[in-house]
K.L.:
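I'd like to ask some things about the structure below.
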Amino acid sequence: MPTFKTLKGFKDLLPEESFIWESLASTARETFDLYGFSMIQTPILEPSDLFTQSIGTTTDIIEKEMYTFKDRDKSKISLRPEGTASVVRAYLEHPTLSQQPYTKLYYIGPMFRHERPQAGRLRQFHQIGAESIGEINPNRDIEMLALLVHLFEQWNIAGLTLEINSLGCPVCRPPYRQQLVDFLTQAIHALCEDCVRRLQTNPLRILDCKKEGCRAHIGKAPASRDFLCLECDIHFKAVEEGLHRLNIPYVVNRHLVRGIDYYTKTAFELTTTALGAQNAVAAGGRYDSLIQTLGGPQVHAIGFAIGLERVAKLINPETIQPNPLMLFMAPLGERAHMLLFPMLYAFRRNKVKSELGDRNMNLKRQLKQADHFKARYVLIIGDDELGSGYAVLRNMVTREQQKIPLVTLVESTIAKIVQKADRPE
RNA sequence: GUGAGUGUAGCUCAAUCGGCAGAGCACUGGACUGUGGCUCCAGGGGUUGAGGGUUCAAUCCCCUUCACUCACCCCA
């Protein structure tokens, strides 16, 4: 057993997986750029109050999942449990962001929540998120949803369901909430232990309960959709209309709720059945009051966050492979090694991905190594080649071999392998 | 925080009723002295997660503990 291990819920990303992540991020950056989103990088440590005031003091995230410490000056600081609060903080802190008529930002980075690890759930996990700040226009909602769907298309991930709902606003949500509490209180005898507790803490969440007994009553429960004020109703209909016009498939989930308090109006989730219990790969919604809550002006916004671990699990690793090694050089003996050693760096400076074999290994072993690296070509030099003045260049796929003059080794080799490699497959 | 399951070679897993800890893959060497993927042979590798108990004898049964996994809770 090693002396040290990663903390529970924390994970090393080994090269193979890391490569997939980097590829996902790269595709995401391109797609965000198409939609006019710019990257922002905020610190992973923030004042604890930033999160407690935005996410909601009664949510589990705040109550028991935040990594909170006392700094040396006794102030409370926390590892960020999500990204939106930090982006809004940056928006309000830097006039260069908030003085624009509209601001579209995205981020990629680690988040921290102290939960029991489970399939698709870690203590340090990673989100790709986007925030669209400045308008209440439903076209902004549609743009976000189109971007989200487009992203997953770019990643070649299919089989997802886009679920949307409207959570209402400060005008229509309180009366709806009361209706729901009244309805559920009548049926309190049939609710499970958790739901009885949720009646106090987060009654909307009961709509999401998985237990049979609860579900039976939930079906008849009032839905927020039916209690929207005129403004929220018009907004939601406009969002649906836009999705239709863009041919984006979706379903209205009347019982879709969010675990974070700041969401208003449009809320959505992208779900899959391929990940076990944690079925949401992305989620988000509108937050029209958060910026005010955090001390800013009345500015409307909408955002989403994608769980990178969950996305990575949906990717077939076969479809994302690093570049193969272009050239493996096999020196047989000391003199060959002396010749090839500087060549290795000459090839690399000419953008040829290359490795140099061990001069003490026989040719068979070195060819095996070249295989291990998936090398396309092997350059062989031993005493015979040094004597004749020609190296042997072996194509590892076709097994063809040709002679390369030693005096122009680098140029001649590049001419041969680049020419072949550039042909479409 | 609650519940269940699993810990055996680097990896994936066997081991009958409690009876000498094994296989495949990977690695190394050889068959084949300078030509790879296939085949065959051989070799190295282990505190059976840890500690205790029962027993002539424990990978197996019991207790404790740790780790991991899954689910609840919650959420991306």
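Just so we're on the same page: letters track the sequence lines, and every chain starts at 1.
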K.L.:
Taking C-beta and beyond as the side chain, do A/Val378 and A/Met396 meet within less than 4.5 Å on heavy atoms?
P.N.:
yes

K.L.:
Determine whether more than 12 heavy atoms belonging to other residues, nucleotides or ligands lie under 6.0 Å from atom CG of A/Asp383.
P.N.:
no

K.L.:
Looking at B/U2, which nucleotide sits across from it as a Watson-Crick or G-U wobble partner, both distances under 3.5 angstrom, or is there none?
P.N.:
B/A71

K.L.:
Tell me the partner of B/U39, counting only Watson-Crick (N1-N3 plus N6-O4 or O6-N4) or G-U wobble (N1-O2 and O6-N3) with both under 3.5 Å; none if nothing fits.
P.N.:
B/A31

K.L.:
Could a donor-acceptor pair under 3.5 angstrom be found where the side chain of A/Arg205 meets the base of B/C73?
P.N.:
no

K.L.:
Atom CG of A/Leu14 and atom C1' of B/G10: how far apart are they, to the nearest Å?
P.N.:
14 Å

K.L.:
If we take the P atom in both B/G29 and B/A71, what is their distance in whole Å?
P.N.:
44 Å

K.L.:
Please name the nucleotide paired to B/G19 by Watson-Crick or G-U wobble geometry with both distances under 3.5 Å, or report none.
P.N.:
B/C56

K.L.:
Only one of A/Leu180, A/Leu184, A/Asp194 forms a side chain to side chain contact (heavy atoms under 4.5 Å, CB included) with A/Leu199, so which one is it?
P.N.:
A/Leu184

K.L.:
Taking atom C1' of B/U35 as reference, at what distance in whole Å does atom CG of A/Leu393 sit?
P.N.:
14 Å

K.L.:
Please work out whether the ring planes of A/Tyr345 and A/Phe341 are parallel, tilted or perpendicular, with thresholds of 30° and 60°.
P.N.:
perpendicular

K.L.:
Using a heavy-atom cut-off of under 4.0 Å over every strand shown, decide if A/Ala370 touches base, sugar-phosphate, or nothing.
P.N.:
nothing

K.L.:
Sticking with atom P, work out how far B/G36 lies from B/G30, rounded to a whole angstrom.
P.N.:
13 Å

K.L.:
Taking the C1' atom of each, how far is B/G45 from B/U2, in whole Å?
P.N.:
42 Å

K.L.:
Would you say CZ of A/Phe19 has more than 12 non-hydrogen atoms from neighbouring residues, nucleotides or ligands within 6.0 angstrom?
P.N.:
yes

K.L.:
Ring centroid separation for A/Phe32 and A/Tyr106, is it under 6.0 angstrom?
P.N.:
yes

K.L.:
Take atom CZ of A/Arg365 and atom C1' of B/A26, then tell me their distance rounded to the nearest Å.
P.N.:
13 Å

K.L.:
Between B/U54 and B/C62, how far apart are the two P atoms, rounded to whole Å?
P.N.:
16 Å

K.L.:
Quick check on B/C70: is either OP1 or OP2 less than 4.0 Å from any side-chain nitrogen or oxygen of A/Gln118?
P.N.:
no

K.L.:
Identify whether any heavy atom of A/Met396 sits under 4.0 Å from a base atom; if not, whether one sits that close to sugar-phosphate; answer base, sugar-phosphate or nothing.
P.N.:
base

K.L.:
Rounded to the nearest angstrom, tell me the gap between atom CD in A/Glu163 and atom P in B/A76.
P.N.:
14 Å

K.L.:
Side chain of A/Leu363, heavy atoms from C-beta onward: which of B/A67, B/A76, B/U35 has the nearest atom to it?
P.N.:
B/U35

K.L.:
A/Gln278 CD to B/U69 C1': how many Å, rounded?
P.N.:
14 Å

K.L.:
Quote, to the nearest angstrom, the P distance that separates B/C61 from B/A15.
P.N.:
12 Å

K.L.:
Using atom C1' of each nucleotide, how far apart are B/U64 and B/C27 to the nearest Å?
P.N.:
39 Å

K.L.:
If you measure from the C1' atom in B/G49 to the same atom in B/U59, how many Å do you get, rounded?
P.N.:
12 Å

K.L.:
Side-chain contact, heavy-atom cut-off 4.5 Å: A/Asp141 with A/Arg286?
P.N.:
yes

K.L.:
Side chain of A/Glu193, base of B/C73: donor and acceptor closer than 3.5 Å?
P.N.:
no

K.L.:
When all nucleic acid strands are considered with a 4.0 Å heavy-atom cut-off, which category describes A/Asp384: base, sugar-phosphate, or nothing?
P.N.:
base

K.L.:
Regarding A/Leu270, tell me which of base, sugar-phosphate or nothing describes its non-hydrogen contacts under 4.0 Å with the strands shown.
P.N.:
nothing

K.L.:
Rounded to the nearest angstrom, tell me the gap between atom CG in A/Asp371 and atom P in B/A26.
P.N.:
13 Å

K.L.:
Calculate the interatomic distance between A/Asn279 atom CG and B/C70 atom C1'; express it in whole Å.
P.N.:
16 Å

K.L.:
Using a 4.0 Å heavy-atom cut-off, does A/Gly284 contact any base of the nucleic acid, only the sugar-phosphate backbone, or nothing at all?
P.N.:
nothing

K.L.:
Do A/Arg116 side-chain and B/C75 base share a donor-acceptor contact under 3.5 Å?
P.N.:
no

K.L.:
Is it the case that B/G36 (base atoms only) and A/Arg394 (side chain only) share a donor and an acceptor within less than 3.5 Å, ignoring hydrogens and angles?
P.N.:
yes

K.L.:
Using purine N1 to pyrimidine N3 plus N6-O4 or O6-N4 for Watson-Crick, or N1-O2 and O6-N3 for G-U wobble, both under 3.5 Å, which nucleotide pairs with B/G7?
P.N.:
B/C66

K.L.:
For a quick check, tell me whether the side chain of A/Arg399 and the base of B/G37 share a donor-acceptor pair closer than 3.5 Å.
P.N.:
yes

K.L.:
Give a yes or no on whether A/His94 atom NE2 has more than 12 heavy-atom contacts from other residues, nucleotides or ligands under 6.0 Å away.
P.N.:
yes

K.L.:
Please compare A/Arg113 and A/Thr6 by the position of their nearest nucleotide in RNA chain B and report the one closer to 5'.
P.N.:
A/Thr6

K.L.:
Would you measure the distance from the C1' atom in B/U16 across to the matching atom in B/G1 and give it in whole Å?
P.N.:
42 Å

K.L.:
Please state whether the base of B/G34 and the side chain of A/Glu385 form at least one donor-acceptor pair under 3.5 Å?
P.N.:
yes

K.L.:
Would you please confirm or rule out a distance under 4.0 Å between OP1 or OP2 of B/C68 and any side-chain N or O of A/Lys8?
P.N.:
yes

K.L.:
Strictly by Watson-Crick or wobble contacts shorter than 3.5 Å, is anything paired with B/G46, and which nucleotide is it?
P.N.:
none

K.L.:
With a 4.0 Å cut-off on heavy atoms, is A/Ile380 in touch with a base, just the backbone sugar-phosphate, or nothing at all?
P.N.:
base

K.L.:
Is there a side-chain contact between A/Arg121 and the phosphate of B/C73, meaning an N or O under 4.0 Å from OP1 or OP2?
P.N.:
no

K.L.:
Please report, rounded to the nearest Å, how far the P atom of B/G36 is from the CG atom of A/Leu332.
P.N.:
13 Å

K.L.:
Starting the side chain at C-beta, find the nucleotide from B/C72, B/G34, B/A71 nearest to A/Asp194.
P.N.:
B/C72

K.L.:
Taking N and O atoms by type only, does the side chain of A/Gln401 place a donor or acceptor under 3.5 Å from a partner on the base of B/U35?
P.N.:
yes

